[in-house]
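Within every chain, numbering begins at 1; the chains are lettered A, B, ... in the order of the sequence lines, protein sequences first and strands thereafter.
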Protein chains: 2
Amino acid sequence: MGDEFSMDELLLALLKQGAYFKPVKITTTELGKMLEMSQQNVSHRLSVLEKEDMVNRTASGIELTKKAKDRVDVLYADMKLIFEKEKLELSGVIVSGLGEGKYYLSMDGYRKQVKEKFGYLPFPGTLNIEIDENDMWKKQHILKMEPIIITGFKDKNRSYGDLFGYKCRIGDIDCAIIVPLRTHHGPRIIEIISRVELKKRLGKKDGDRIKVVF
Amino acid sequence: MGDEFSMDELLLALLKQGAYFKPVKITTTELGKMLEMSQQNVSHRLSVLEKEDMVNRTASGIELTKKAKDRVDVLYADMKLIFEKEKLELSGVIVSGLGEGKYYLSMDGYRKQVKEKFGYLPFPGTLNIEIDENDMWKKQHILKMEPIIITGFKDKNRSYGDLFGYKCRIGDIDCAIIVPLRTHHGPRIIEIISRVELKKRLGKKDGDRIKVVF
DNA sequence: ATTACTAAGATTCGAGTAC
DNA sequence: TGTACTCGAATCTTAGTAA
């Protein structure tokens with residue numbers, strides 16, 4: 001964790017010329033113009049990159065080494081994370097729940113753990129949202145992230161399964177998607193818990209559109 | 001077209017801390033450790049960035065200006081182009097499947113959707129390929145692209161999960177990688193579906209090398 | 001503890017120019 | 001053409017230390 005996140009501008013210019021996939025034929029003068037730096041400097045820096053085993057200069061042009069490609073991969077993966085993980089935003093419509101959430105969230109076995117792991121006692125009821133078809137792929141990505149696990153328990157009557165939680169926000173309210181391991185509604189519906197009664201707090205009713213941000 | 005493609009490592013470190021979306025509370029010493037540079041240098045460079053109107057230091061932390069965010073957007077867009085415009089090609093070795101694919105692809109619930117979303121009824125069986133270690137990063141890129149979702153369903157016995165599909169080609173045959181949400185084999189193995197029986201059509205057998213193009 | 005100044009050392013840069 | 005050397009200038013970096 002450190003400088004592998006930085007990226008040499010010369011390397012980036014080569015990338016822009018397609019060097020990730022094939023050797024690139026380009027002169028130091030051209031590179032200098034692109035980067036607004038002298039031909040001499042490009043020449044020098046290229047030879048440094050070569051010594052560092054980042055590029056090879058061959059008859060067919062300048063090519064990136066595996067080491068350089070690895071660095072670029074890391075940079076791109078990091079940026080992707082910054083841009084697309086944070087921007088995950090599910091849109092959908094509020095639907096009425098079946099009272100299931102209310103039932104589960106009335107039980108101390110779950111409530112205590114929510115307090116512990118999310119920092120608040122949940123309002124005893126969930127907001128149910130039917131996700132737009134177009135955002136379903138985002139939901140799948142979210143479900144692949146590391147969940148906060150609320151472990152199940154038994155009482156004298158029956159046993160209760162684990163719940164998976166994923167932190168999110170609606171407006172500026174901290175919430176979490178809760179997914180029972182054995183869910184009873186279709187994959188397009190998600191259940192949200194929060195400290196407050198979301199529908200009332202947001203002034204929304206069934207059928208209204210809503211956005212959930214991760 | 002030039003240096004807007006480069007990126008200051010300090011800016012990138014701030015981004016990594018989430019500065020794109022909110023002010024970040026972090027000390028110059030911490031940043032110095034992250035970047036393997038002295039606290040003094042971070043301090044100095046931060047003040048340069050401030051003079052250049054790239055960051056603001058407020059009571060709630062360091063925040064990026066619009067100018068800085070615009071630059072980052074450009075960098076990301078450029079990288080995205082580099083990575084996702086060019087053809088990705090996975091190389092690997094054919095391995096024998098566990099018959100799972102055959103099982104899934106015998107079910108109408110999935111078959112109908114494949115016909116609908118990919119334009120053909122799939123041969124009831126998958127080609128399993130163990131991707132070369134060197135191409136794993138490409139696989140990761142592919143899995144981050146927008147999938148075609150084959151939604152799960154229930155029958156009287158059990159429920160079947162969603163599948164993610166990504167169109168690709170082997171030679172001139174249209175295929176798709178299929179990824180179950182909860183996959184049963186290691187991340188190096190992918191399953192390919194197609195209209196035809198791929199192994200027979202390509203005259204290949206287990207252990208042969210093969211390329212998949214996106 | 002945190003930030004940032006100064007002074008000195010390290011490095012990067014571009015002009016001139018050789019090849 | 002194109003590349004790359006020297007060398008002085010500009011810039012960057014760090015240690016020491018003040019605030």
Side-chain angles (χ1 to χ4, degrees), chain A residues 1-20 22-65 67-68 71-72 74-75 78, chain B residues 1-20 22-65 67-68 71-72 75:
Chain A
M1 168 159 299
D3 82 329
E4 79 274 15
F5 194 44
S6 85
M7 184 52 53
D8 186 278
E9 56 193 330
L10 183 49
L11 222 41
L12 288 171
L14 289 168
L15 278 172
K16 221 172 181 173
Q17 299 305 305
Y20 196 99
K22 56 183 192 310
V24 156
K25 273 208 162 75
I26 189 169
T27 67
T28 51
T29 310
E30 284 170 303
L31 282 167
K33 263 185 198 130
M34 281 181 59
L35 296 166
E36 290 164 17
M37 81 176 50
S38 66
Q39 170 274 320
Q40 294 88 331
N41 196 23
V42 173
S43 168
H44 174 242
R45 287 177 58 162
L46 261 181
S47 78
V48 172
L49 283 176
E50 207 168 17
K51 272 194 207 91
E52 287 172 341
D53 189 31
M54 299 290 274
V55 306
N56 284 132
R57 280 180 287 185
T58 70
S60 47
I62 303 168
E63 63 184 16
L64 302 195
T65 62
K67 186 174 165 188
R71 272 177 161 241
V72 176
V74 170
L75 173 62
D78 282 343
Chain B
M1 170 161 299
D3 83 328
E4 79 274 16
F5 193 44
S6 84
M7 183 53 52
D8 186 278
E9 57 194 326
L10 184 49
L11 222 40
L12 288 171
L14 289 169
L15 278 173
K16 221 173 182 174
Q17 299 304 307
Y20 195 96
K22 57 183 192 307
V24 158
K25 273 211 163 71
I26 190 169
T27 67
T28 51
T29 310
E30 284 170 304
L31 283 167
K33 260 183 201 133
M34 280 182 60
L35 295 166
E36 289 163 19
M37 85 179 42
S38 67
Q39 170 273 321
Q40 294 90 331
N41 196 22
V42 173
S43 168
H44 174 241
R45 288 178 58 163
L46 219 40
S47 78
V48 171
L49 283 176
E50 207 167 16
K51 273 195 206 89
E52 288 172 339
D53 189 30
M54 299 290 275
V55 307
N56 285 131
R57 279 179 286 185
T58 70
S60 48
I62 303 168
E63 63 184 16
L64 302 195
T65 63
K67 185 174 166 187
R71 269 178 163 242
V72 177
L75 172 62

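A straight line from CG of A/Asn41 to P of D/dG2 spans 18 Å, rounded to a whole angstrom. When the C1' atom of C/dA4 is taken as reference, atom CG of B/Leu10 falls 15 Å away, rounded to whole Å. Summarising the geometry, the separation between CG on A/Leu46 and C1' on D/dA4 is reported as 11 Å, rounded to the nearest angstrom. For the pair B/Ile62 CD1 and C/dT2 P, the computed distance is 13 Å after rounding to whole Å. As rounded to whole Å, 10 Å separates atom P of C/dG14 from atom CG of A/Leu35. Atom P of nucleotide D/dT14 and atom NZ of B/Lys33 are separated by 14 Å, given to the nearest angstrom. The separation between A/Ile26 atom CD1 and D/dT1 atom P is 17 Å, rounded to whole Å. Remark: C1' of D/dT11 and CG of B/Asp8 are 14 Å apart, rounded to the nearest angstrom.
Taking only side-chain nitrogens and oxygens, B/Arg45 never comes nearer than 4.0 Å to OP1 or OP2 of C/dA4.
Minimum atom distance to the side chain of B/Thr27 is reached by C/dT2, of the listed D/dT13, D/dT3, C/dT2. With C/dG14, D/dT3, D/dA15 as the candidates, the nucleotide lying closest to the side chain of A/Thr28 is D/dT3. Side-chain proximity of B/Ser38 to the nucleotides C/dT3, D/dT14, D/dT3 is greatest for D/dT14.
A donor N or O paired with an acceptor N or O is not found under 3.5 Å between the base of D/dG2 and the side-chain atoms of A/Gln39.
Base engagement by B/His44 is indicated by at least one non-hydrogen atom pair under 4.0 Å involving a base atom. Using a 4.0 Å heavy-atom cutoff across all strands shown, A/Ser43 reaches at least one base atom of the nucleic acid.
Residues B/Lys22 and B/Glu63 are not paired through a salt bridge, judged by the lack of any N-O separation under 4.0 Å between the basic side chain and the carboxylate. The residues A/Asp8 and A/Arg71 are annotated as not salt-bridged, no charged nitrogen and carboxylate oxygen being separated by less than 4.0 angstrom.
For the pair B/Asn56 and B/Ile62, the minimum side-chain heavy-atom distance is 4.5 Å or more. Side-chain contact between B/Met54 and B/Leu64 is absent, with no heavy atoms from C-beta onward closer than 4.5 Å.
Side-chain polar atoms of A/Glu50 and A/Ser47 form no donor-acceptor pair below 3.5 angstrom.
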